[in-house]
Peer 1: 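The structure under discussion is supplied below as structure tokens; questions concerning it will follow.
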Amino acid sequence: MTIRVIIVDDQAMVRAGFAALLAAQSDIDVVGEAPDGRKGIEVSRTAHPDVVLMDVRMPEMDGLAAARELLSPPVGVVHRPKVLMLTTFDVDDYVYEALRAGASGFLLKNAPPADLISAVRIVAAGDALLAPSVTRRLIADFARRGPATPSGGAALRLNGLTPRETEVLELIARGLSNQEIAARLVVAEQTVKTHIGKVLAKLGLRDRAQAVIFAYESGLVTPGEA
């Protein structure tokens, strides 16, 4: 199946470069582009892409505001694409808030071309582009913000997990990869993937990125714990 992509960036040369690179792939079809978030929403609502490459900082409407509208659409709008944030910065508040809003991850704009192609495929498949190294930087960010005050609703959602699923969620939030989790629990990597799928489904989360954020904001994991 062909992956439909739109590119939202205020730099025309960036849009053209990304479009040429992605369109050269047999499984990717660039179906639109836009110079700012507001126009990006319009194009997305018309073209119905699978993945939106969204620049973080743009005039008129920035990528964060646009991502929020795409991922929490108004009543009557059914299409909800995956959003992959593009940024010139490694981790910043904009990206953190985008992940909270439901973005599937982020990619540095100076990443190698192969990384961009891979990122589109990963996000289109329903996975989060949140490498363990990025997870660890998010953990450092949570540590700076201080301990969370969990809500009753979050506690109830956690109670729906089995002990093993809770353990897997904790390890994801610690920044471990699937392979590392499998080694820690002495199980097959496919078993870890099955547990993660159940955790996401039970908690109503879209991907690994939201799982990390939920684990910290629910109080399940506290920065600085061993």
Side-chain angles (χ1 to χ4, degrees), residues 1 3 50-51 67-68 70-73 78 80-85 91 95-107 118-226:
M1 179 182 292
I3 303 168
D50 300 302
V51 177
R68 282 176 174 152
L70 288 175
L71 296 168
S72 298
V78 177
R80 202 186 320 192
K82 302 291 194 308
V83 176
L84 176 60
M85 305 302 296
V91 173
V95 172
Y96 172 79
E97 292 300 331
L99 292 174
R100 290 191 65 190
S104 294
F106 66 93
L107 185 72
S118 175
V120 168
R121 290 171 176 155
I122 288 171
V123 170
D127 294 325
L129 191 72
L130 192 62
S133 60
V134 176
T135 303
R136 291 176 184 125
R137 287 194 291 273
L138 280 175
I139 290 170
D141 183 68
F142 278 113
R144 287 194 298 272
R145 293 168 185 261
T149 302
S151 66
L156 287 174
R157 290 163 70 188
L158 283 173
N159 288 340
L161 302 181
T162 66
R164 177 46 62 92
E165 289 164 355
T166 301
E167 189 174 12
V168 168
L169 177 58
E170 290 177 356
L171 295 175
I172 291 173
R174 295 289 175 210
L176 274 67
S177 67
N178 288 359
Q179 186 175 17
E180 291 169 335
I181 295 173
R184 177 76 64 88
L185 301 180
V186 195
V187 297
E189 191 170 346
Q190 183 57 48
T191 301
V192 173
K193 292 180 180 178
T194 299
H195 284 313
I196 292 174
K198 290 180 178 178
V199 168
L200 297 180
K202 288 183 177 181
L203 296 178
L205 304 174
R206 304 189 81 190
D207 50 39
R208 194 185 197 97
Q210 287 198 322
V212 171
I213 291 171
F214 178 87
Y216 279 88
E217 294 192 333
S218 68
L220 174 67
V221 178
T222 302
E225 290 179 346

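Keep in mind that what you see is a predicted model, and the values were worked out from it rather than measured.
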Peer 1: Ile122: what forms a side chain to side chain contact (heavy atoms under 4.5 Å, CB included) with it, not counting sequence neighbours?
Peer 2: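 Counting only residues at least two positions away or on another chain, Ile122 forms a side chain to side chain contact (heavy atoms under 4.5 Å, CB included) with Ser118, Asp127, Leu129.
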
Peer 1: Which heavy atom in Ser218 sits nearest to a heavy atom in Leu158, and how many Å separate them?
Peer 2: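 Heavy atoms only, the tightest pair is OG-CD1, 3.7 Å.
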
Peer 1: So Leu185 and Leu171, side chain to side chain contact (heavy atoms under 4.5 Å, CB included) or not? Walk me through it.
Peer 2: CA-CA 10 Å; Leu185 301 180; Leu171 295 175; 4.0 Å; yes

Peer 1: Which atoms form the tightest heavy-atom contact between Pro81 and Leu71, and what is the distance?
Peer 2: O-CD2, 3.4 Å

Peer 1: Kindly compute the distance separating CG (Leu161) from OG1 (Thr166), expressed to the nearest 0.5 Å.
Peer 2: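 Result: 4.5 Å between the selected atoms.
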
Peer 1: If you take all heavy atoms of Met85 and Val83, which pair is closest and at what distance?
Peer 2: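 Minimum heavy-atom separation between Met85 and Val83: SD-CG1, 3.6 Å.
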
Peer 1: Give me the atom names and distance for the closest heavy-atom approach of Ile172 to Ile181.
Peer 2: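 For Ile172 and Ile181, the tightest heavy-atom pair comes out as CG1-CD1, 3.9 Å.
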
Peer 1: Run the side chain to side chain donor-acceptor pair (under 3.5 Å) test against Lys202 and tell me which residues pass, sequence neighbours left out.
Peer 2: Glu165

Peer 1: With sequence neighbours excluded, what pairs up with Leu205 under the side chain to side chain contact (heavy atoms under 4.5 Å, CB included) test?
Peer 2: Arg157, Leu200, Leu203, Gln210, Ala211, Phe214

Peer 1: Arg164: which residues meet the side chain to side chain donor-acceptor pair (under 3.5 Å) condition with it, sequence neighbours left out?
Peer 2: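 Checked Arg164 against side chain to side chain donor-acceptor pair (under 3.5 Å); matches are Glu167.
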
Peer 1: Using the salt bridge (Lys or Arg N to Asp or Glu O under 4.0 Å) rule, collect all pairs that involve residues 185-198, keeping only residues at least two apart or in two chains.
Peer 2: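 Found none.
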
Peer 1: Once rounded to the nearest 0.5 Å, what's the spacing between atom CZ of Arg184 and atom CZ of Arg174?
Peer 2: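 Between atom CZ of Arg184 and atom CZ of Arg174 there are 9.5 Å.
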
Peer 1: How far apart are the closest heavy atoms of Ala119 and Leu107, and which atoms are they?
Peer 2: CB-CD2, 4.2 Å

Peer 1: Which heavy atom in Val120 sits nearest to a heavy atom in Leu84, and how many Å separate them?
Peer 2: N-CD2, 4.4 Å

Peer 1: Can you sort out the partners of Arg121 under side chain to side chain donor-acceptor pair (under 3.5 Å), two or more places apart, ordered by chain and number?
Peer 2: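 Arg121: side chain to side chain donor-acceptor pair (under 3.5 Å) contacts with Asp27.
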
